[in-house]
Enquirer: 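One structure coming up, written as structure tokens, with questions to follow.
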Amino acid sequence: MAVKVYNTLTRKLEDFEPIHGNRVNMFVCGVTPYDHTHLGHAKTLIGFDVIAKYLRYRGYSVLYIQNVTDVDDNLINRSKQSGVPVPDLVEKFFALQLEEMGALNMDSVNIYPRATEHMKEILDQVKGLIEKGYAYESNGNVYFEVGKFPDFGKLSKQVLDKLQAGARVEVDENKRNPEDFALWKAEKPGEPSWDSPWGRGRPGWHIEDTAMTMAYFGEQYDIHGGATELMFPHHEAEIAQAEALTGKEPFVKYWLHTGVLNVDGEKMSKSLKNFWRLQDALEEYDPGVIRFYLVNAHYRSPIELTEESFEESKQGYERLVETVQNLQFAIKAQARDDRTERDDEIEKSARETIQKFEEWMDNDFNTREAISHLFMLSTKINTALKKGLTKETLEKALSVYDTIGDVLGLFRKELEQDMVVDGLMEFLVEMREKAREEKNFEVSDEIRDRLAKIGILLEDTQDGPRWKRR
RNA sequence: GCCCGGGUGACAGAGCGGCUAAUGUGACCGACUGCAGAUCGGUUUUAAGGGGGUUCGACUCCCUCCCCGGGCACCA
């Protein structure tokens, strides 16, 4: 069975067949580092992180590139406001972004190229587009003449005549036509600039992506991802630049778009000031909960962020984590020697869960459906655990969480082990058990309370005491 | 105005031309329990925006209307 992906370009679910056999070239628009990242950025980047990881799980060799825009209007404006030079802004916010996304286990990107590192390719492309008659120079600016590229709008299904250029942004008077977009912007005083055949200036918004992907992937590649809001004009402009330049289509075989994150019925964005910084979210919630919240929705669906939906994710994720911990505890403390029918049933369910996981992930990366099977398995495991399972079964069951967790980026912390802490805890738990045997609940409760204060939850179960981090 | 999505229980949110319409959360009851915590079982809502069409059969396909979101040259 092949992996199927929903291609925005064709609006159809298609069999995924990379251009070069097993090799997948994948590019996703990164977040411009001029400010803190918020949960909306995370939704998109986590969405593609899962896609890259699943394709690798399926045996593809994925080269995943995410660009870093290190010169643009937002950076320049922020620099003027704050007095911090553009490169310093980039360093600061990009480092923060890596740290925060890293906390969410977003670690599938191979290369983070920067626009300014690809100035030569950018200039070559702009020159090429002028030579081919698709672009023109005007007062040190270079514009792509959209009217010369009849396919413009094929991705977003826009009809050029019906668009209202200047609906939100004023039309530049240097343009021949309002719909033309900038490939190169003439220098303004005090702004970063580079030498070019048209005088000093800087790249337009769309050109860095095509410059980079052609440098790394060649003229055509497999997957381009981004949020739906970037579909027009950004992705449309990329197609125009690339296909006009090379004459080859499609520039990108599969276009994938993520739904946006809404707050109170509106898109989370910096301009609407309704954003929730990742930094702040990470202070309030476990990274696993945030990750779970984001992967427990289909990547293409928009999601509505509410206090309740986040709490719900917390409860749900903790139940899955609980099951992982129950399994770990059982392996250490209560594995049975004799196999029973329960072992057969759990092992069968474990196999089926993996099978369903692959089936649903093959179907346009349906993480939501995949996770629902993990919940069903968890209920079965927790029920079976009351009567006990063999070590072999327990380990097989645990491996399901390991395998799926790897792709979805969940349970990572829980699956790590620390021998020193384990040893210390074993000792403390033994001391407390002695106190309990003597009905000295004052001491036993104090041990538990003190542990609770440092974030360790001690529980008494039918099979003895156990502990876990909260 | 134009283009693109979407409308499913209390809430979140999947799938499917026919099955009992997943799964999760919440609420209630119960089991377990020194307490706490967790887990399990049960219960829980006449659940498909309105209208029309295709079909033996429509939540699913088509048309239309209403409502919500995204985009229209800033943005994940």
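First the proteins, then the strands, lettered A, B, ... as listed; each starts at 1. Heavy-atom basis, side chains included; hydrogens, waters and symmetry copies ignored.
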Enquirer: Let me check something: any side-chain donor-acceptor pairs from residues 94-105 of chain A under 3.5 Å, sequence neighbours excluded? List them with distances.
Expert:
residue	atom	partner	partner atom	Å
A/Glu100	OE1	A/Thr37	OG1	2.6
A/Asn105	ND2	A/Gly409	O	3.1

Enquirer: Under 4.0 Å, counting only non-hydrogen atoms across every strand here, what does A/Thr379 touch: a base, just sugar-phosphate, or nothing?
Expert: sugar-phosphate
Enquirer: Which atom pairs, donor and acceptor, lie under 3.5 Å between side-chain atoms of residues 254-263 of chain A and protein residues at least two apart or in another chain?
Expert:
residue	atom	partner	partner atom	Å
A/Tyr254	OH	A/Asp15	O	3.1
A/Tyr254	OH	A/Glu17	N	2.8
A/Tyr254	OH	A/Glu17	O	3.4
A/His257	ND1	A/Thr8	OG1	2.8
A/His257	NE2	A/His235	ND1	2.9
A/Thr258	OG1	A/Thr44	OG1	3.1
A/Asn262	OD1	A/Lys267	N	3.2

Enquirer: Say we look at B/G50 and B/A27: how far apart would their C1' atoms be, to the nearest angstrom?
Expert: 32 Å
Enquirer: Is there any protein nitrogen or oxygen under 3.5 Å from a nitrogen or oxygen in nucleotides 15-22 of chain B, and what are the pairs?
Expert:
none

Enquirer: Under the 3.5 Å rule, do the base of B/U39 and the side chain of A/Lys386 count as making a donor-acceptor pair?
Expert: yes
Enquirer: Who passes salt bridge (Lys or Arg N to Asp or Glu O under 4.0 Å) against A/Glu414, sequence neighbours left out?
Expert: none
Enquirer: Whole angstroms only, please: what is the NE2-C1' distance between A/His257 and B/G70?
Expert: 12 Å
Enquirer: Can a donor-acceptor pair under 3.5 Å be found between the side-chain atoms of A/Asn440 and the base atoms of B/G34?
Expert: no
Enquirer: Apply side-chain contact (heavy atoms from CB on, under 4.5 Å) to A/Leu245 and list each qualifying residue two or more places apart in sequence or on a separate chain.
Expert: A/Gln125, A/Leu129, A/Met214
Enquirer: Starting the side chain at C-beta, find the nucleotide from B/U25, B/G37, B/G34 nearest to A/Arg436.
Expert: B/G34
Enquirer: Does a side-chain N-to-carboxylate-O contact under 4.0 Å join A/Lys380 and A/Glu345?
Expert: no
Enquirer: Taking B/A58 as the reference, what is the distance to B/A48 when you measure between their C1' atoms (whole Å, please)?
Expert: 11 Å
Enquirer: What distance, rounded to whole Å, do you find between the two C1' atoms, one in B/U23 and one in B/G17?
Expert: 23 Å
Enquirer: Base of B/A36, side chain of A/Arg448 - is there a donor-acceptor contact under 3.5 Å?
Expert: yes
Enquirer: Which part of the nucleic acid does A/Glu304 contact within heavy-atom distance under 4.0 Å: base, sugar-phosphate only, or nothing?
Expert: sugar-phosphate
Enquirer: Tell me whether A/Phe375 is stacked on the nucleobase of B/G24, counting only the six-membered base ring and applying the 5.5 Å and 30° thresholds.
Expert: no
Enquirer: Stem finding on RNA chain B, please: runs of three or more consecutive Watson-Crick or G-U wobble pairs, both distances under 3.5 Å, sorted by first number.
Expert: B:1-7 with B:66-72, B:10-12 with B:23-25, B:26-31 with B:39-44, B:49-53 with B:61-65
